[in-house]
Peer 1: 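Can you keep this structure in mind? I'll have questions shortly.
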There are 2 protein chains.
Amino acid sequence: MEKEWRRSMPLLSMNIVMQLTGLTARQIRYYEEHELVQPARTEGKQRMFSLDDIDTLLEIKDMLATGVNIAGIKQIFEMKNNPALKNDTKQVITDAQLRAIVKEEMQIAQRHQRASLRQGDLSRFFR
Amino acid sequence: MEKEWRRSMPLLSMNIVMQLTGLTARQIRYYEEHELVQPARTEGKQRMFSLDDIDTLLEIKDMLATGVNIAGIKQIFEMKNNPALKNDTKQVITDAQLRAIVKEEMQIAQRHQRASLRQGDLSRFFR
DNA sequence: TAGTATATGTCATGTTAGCTAACATGTCAA
DNA sequence: TTGACATGTTAGCTAACATGACATATACTA
């Protein structure tokens with residue numbers, strides 16, 4: 001689509017980007033250093049930013065203001081690009097272990113809290 | 001499913017959870033304070049953890065070790081629960097503005113870099 | 001009922017992330 | 001060729017994050 005490549009075209013100089021984002025050059029370089037943005041470069045090594053870069057920078061600014069740190073932002077960006085990476089809560093406890101734990105705990109429970117368990121009252125565990 | 005409610009049943013005391021996760025009580029309470037875990041409570045206000053809670057705690061431990069801070073972890077957890085929240089890069093620059101910027105920049109480019117543009121050589125902008 | 005475990009709250013602390021300042025050097029449009 | 005603008009680098013500041021440590025009170029267990 002036409003709009004797409006427009007947004008990804010590196011047109012903007014540091015100068016302008018600073019104004020558009022309210023960030024200092026040093027900050028922007030810092031974010032690049034930590035691989036949160038990858039602006040293009042001219043032959044003379046000067047950064048040229050796309051509009052997508054601007055959006056990214058504003059997102060960074062936003063999340064930092066929220067209290068998320070660079071490492072967190074990086075993680076989040078990775079998740080956005082690869083939603084599969086949603087690292088579904090690795091189960092550190094196997095089902096076998098689980099059965100054992102449950103069994104054991106239930107026994108302890110029976111030994112100690114016979115009354116309340118007999119009543120079938122587990123509601124106290126929830127709120 | 002049977003396994004499911006087993007994993008979400010609050011069976012484990014602080015004591016055990018500390019051993020299972022290698023976290024201190026202080027740490028676990030801190031994470032709860034910041035709403036990263038919500039263990040159940042007994043009538044007497046004592047925390048009772050489910051196996052799901054354990055997984056969560058281990059995830060937290062993991063991400064902290066990676067350098068992600070609490071705020072970041074919170075964000076990430078929210079994204080997992082509501083993938084729609086994937087906050088698709090809000091476009092701060094409208095298409096109208098975009099057209100204007102592109103137009104202007106292109107004019108400047110033509111004025112200044114007539115030669116290279118005539119050659120249709122934009123490759124220097126990419127790496 | 002005694003004794004251990006947990007709760008909550010407050011004060012204290014080290015570490016370090018994110019940033020600013022400053023420099024010398026290099027780029028680039030006119 | 002010149003002056004404004006960018007570059008990478010170094011050094012240092014500051015605020016806050018994540019824990020530790022302690023005190024007191026309440027909850028469980030035997």
Side-chain angles (χ1 to χ4, degrees), chain A residues 10 12-19 21-37 39-49 57 60-75 105 107-117 124-125 127, chain B residues 10-19 21-49 57 60-75 105 107-117 124-125 127:
Chain A
L12 310 168
S13 66
M14 193 74 220
N15 191 7
I16 298 184
V17 174
M18 288 173 63
Q19 294 173 180
T21 61
L23 297 166
T24 70
R26 187 65 188 83
Q27 284 175 298
I28 296 170
R29 285 194 229 114
Y30 186 69
Y31 304 150
E32 182 183 13
E33 193 178 337
H34 288 271
E35 303 175 275
L36 298 183
V37 252
R41 300 286 190 134
T42 66
E43 286 171 340
K45 298 283 187 188
Q46 311 224 165
R47 275 166 259 255
M48 293 299 280
F49 298 84
L57 286 172
I60 294 169
K61 190 182 180 184
D62 221 69
M63 306 197 73
L64 281 174
T66 308
V68 182
N69 64 5
I70 303 283
I73 297 175
K74 210 166 170 179
Q75 276 286 321
E105 290 291 332
Q107 287 174 346
I108 294 174
Q110 279 201 348
R111 222 185 299 131
H112 294 320
Q113 302 177 0
R114 190 171 305 185
S116 55
L117 270 187
R124 69 198 188 82
F125 285 128
R127 54 174 178 188
Chain B
L11 296 165
L12 310 168
S13 65
M14 193 73 227
N15 189 10
I16 297 184
V17 173
M18 288 173 62
Q19 293 173 181
T21 62
L23 296 166
T24 70
R26 180 73 179 83
Q27 287 175 298
I28 295 171
R29 288 196 217 106
Y30 185 70
Y31 305 151
E32 182 184 12
E33 192 179 339
H34 288 270
E35 304 174 273
L36 299 183
V37 251
Q38 294 87 24
R41 301 285 190 135
T42 66
E43 287 171 341
K45 299 283 188 185
Q46 310 226 165
R47 277 166 258 257
M48 293 298 283
F49 299 83
L57 286 171
I60 295 169
K61 188 181 181 183
D62 221 69
M63 305 195 74
L64 280 174
T66 308
V68 182
N69 65 3
I70 303 285
I73 297 176
K74 209 166 169 180
Q75 276 286 321
E105 290 291 333
Q107 286 175 346
I108 294 173
Q110 279 201 348
R111 224 184 298 134
H112 294 321
Q113 302 178 0
R114 191 170 303 185
S116 54
L117 269 189
R124 69 198 188 83
F125 286 126
R127 51 173 176 189

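In what follows, chains are A, B, ... by sequence order, proteins preceding strands, each numbered from 1.
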Peer 1: Please report the shortest heavy-atom distance between A/G67 and B/A71, naming the atom on each side.
Peer 2: O-CB, 3.4 Å
Peer 1: Using whole Å, what does the distance between atom C1' of nucleotide C/dT16 and atom NE2 of A/H34 come to?
Peer 2: 12 Å
Peer 1: With sequence neighbours excluded, what pairs up with B/T66 under the side-chain hydrogen bond (donor to acceptor under 3.5 Å, both in side chains) test?
Peer 2: none
Peer 1: Could you go through the side-chain contact (heavy atoms from CB on, under 4.5 Å) check for A/I73 and A/Y31 one step at a time?
Peer 2: CA-CA 10 Å; A/I73 297 175; A/Y31 304 150; over 6 Å; no
Peer 1: Could you give the NZ-to-P distance, from A/K61 to C/dG18, as a whole number of Å?
Peer 2: 17 Å
Peer 1: Using atom names, set out every protein N or O paired with an N or O of nucleotides 20-25 of chain C below 3.5 Å, distance rounded to 0.1 Å.
Peer 2:
{"residue": "C/dT20", "atom": "OP2", "partner": "A/T24", "partner atom": "OG1", "Å": "3.4"}

Peer 1: Give every pair of a protein N or O atom and an N or O atom of nucleotides 2-5 of chain C that lie under 3.5 Å apart, one pair per line with the distance.
Peer 2:
none

Peer 1: Could you work out how much the helix from C/dT1-D/dA30 to C/dA30-D/dT1 bends, comparing the axis of its first five pairs with that of its last five, to 10°?
Peer 2: 50°
Peer 1: A/Y31 side chain N/O closer than 4.0 Å to the phosphate oxygens (OP1, OP2) of C/dG18?
Peer 2: no
Peer 1: Looking at B/T42, I'd like to know whether one of its side-chain N or O atoms comes within less than 4.0 Å of OP1 or OP2 on D/dC28.
Peer 2: yes
Peer 1: Which comes earlier along DNA chain D counting from the 5' end, the contact point of B/G44 or that of B/N69, where each point is its nearest nucleotide?
Peer 2: B/N69
Peer 1: Tell me the interatomic distance from B/L36, atom CG, to D/dT19, atom P, rounded to whole angstroms.
Peer 2: 11 Å
Peer 1: Are B/L36 and B/Y30 close enough that some pair of their side-chain heavy atoms sits under 4.5 Å apart?
Peer 2: no
Peer 1: With nearest nucleotide decided by heavy atoms, which residue, A/K45 or A/V68, maps closer to the 5′ end of DNA chain C?
Peer 2: A/V68
Peer 1: Got a sec, which residues hit salt bridge (Lys or Arg N to Asp or Glu O under 4.0 Å) with B/E35, two or more places apart in sequence or on another chain?
Peer 2: B/K74
Peer 1: Can you tell me how far C1' of D/dA6 sits from CD of A/E43, to the nearest Å?
Peer 2: 16 Å
Peer 1: When the distance from CD of B/E33 to C1' of D/dT19 is rounded to whole Å, what number comes out?
Peer 2: 12 Å
Peer 1: How many angstroms lie between CZ in B/R29 and CG in B/L23, if you round to the nearest 0.5 Å?
Peer 2: 12.5 Å
Peer 1: How long is the gap from CD1 on B/I28 to OG1 on B/T21, to the nearest 0.5 Å?
Peer 2: 4.5 Å
Peer 1: Distances under 3.5 Å only, N/O to N/O: pair up the protein atoms with those of nucleotides 23-25 of chain D.
Peer 2:
none

Peer 1: Under 4.5 Å between any side-chain heavy atoms of B/L57 and B/K61, yes or no?
Peer 2: no
Peer 1: Using 0.5 Å steps for rounding, measure from the CE atom of B/M48 to the CZ atom of B/R41.
Peer 2: 12.0 Å
Peer 1: Of all the nucleotides listed (D/dA6, C/dG18, D/dT7), which has the minimum atom distance to the side chain of A/S13?
Peer 2: D/dA6
Peer 1: Once you round it to whole Å, what is the distance between C1' of D/dC28 and CZ of B/R41?
Peer 2: 15 Å
Peer 1: Rounded to whole Å, how long is the line connecting atom OH of B/Y30 with atom P of C/dG9?
Peer 2: 16 Å
Peer 1: What is the distance from atom CD1 of A/I60 to atom NE2 of A/H34, rounded to the nearest 0.5 Å?
Peer 2: 11.0 Å
Peer 1: Please state how far atom CD1 in B/I28 lies from atom C1' in C/dT6, giving the value in whole angstrom units.
Peer 2: 12 Å
Peer 1: Measure the shortest side-chain to side-chain distance between A/M14 and A/M18 over non-hydrogen atoms and say whether it is less than 4.5 angstrom.
Peer 2: yes
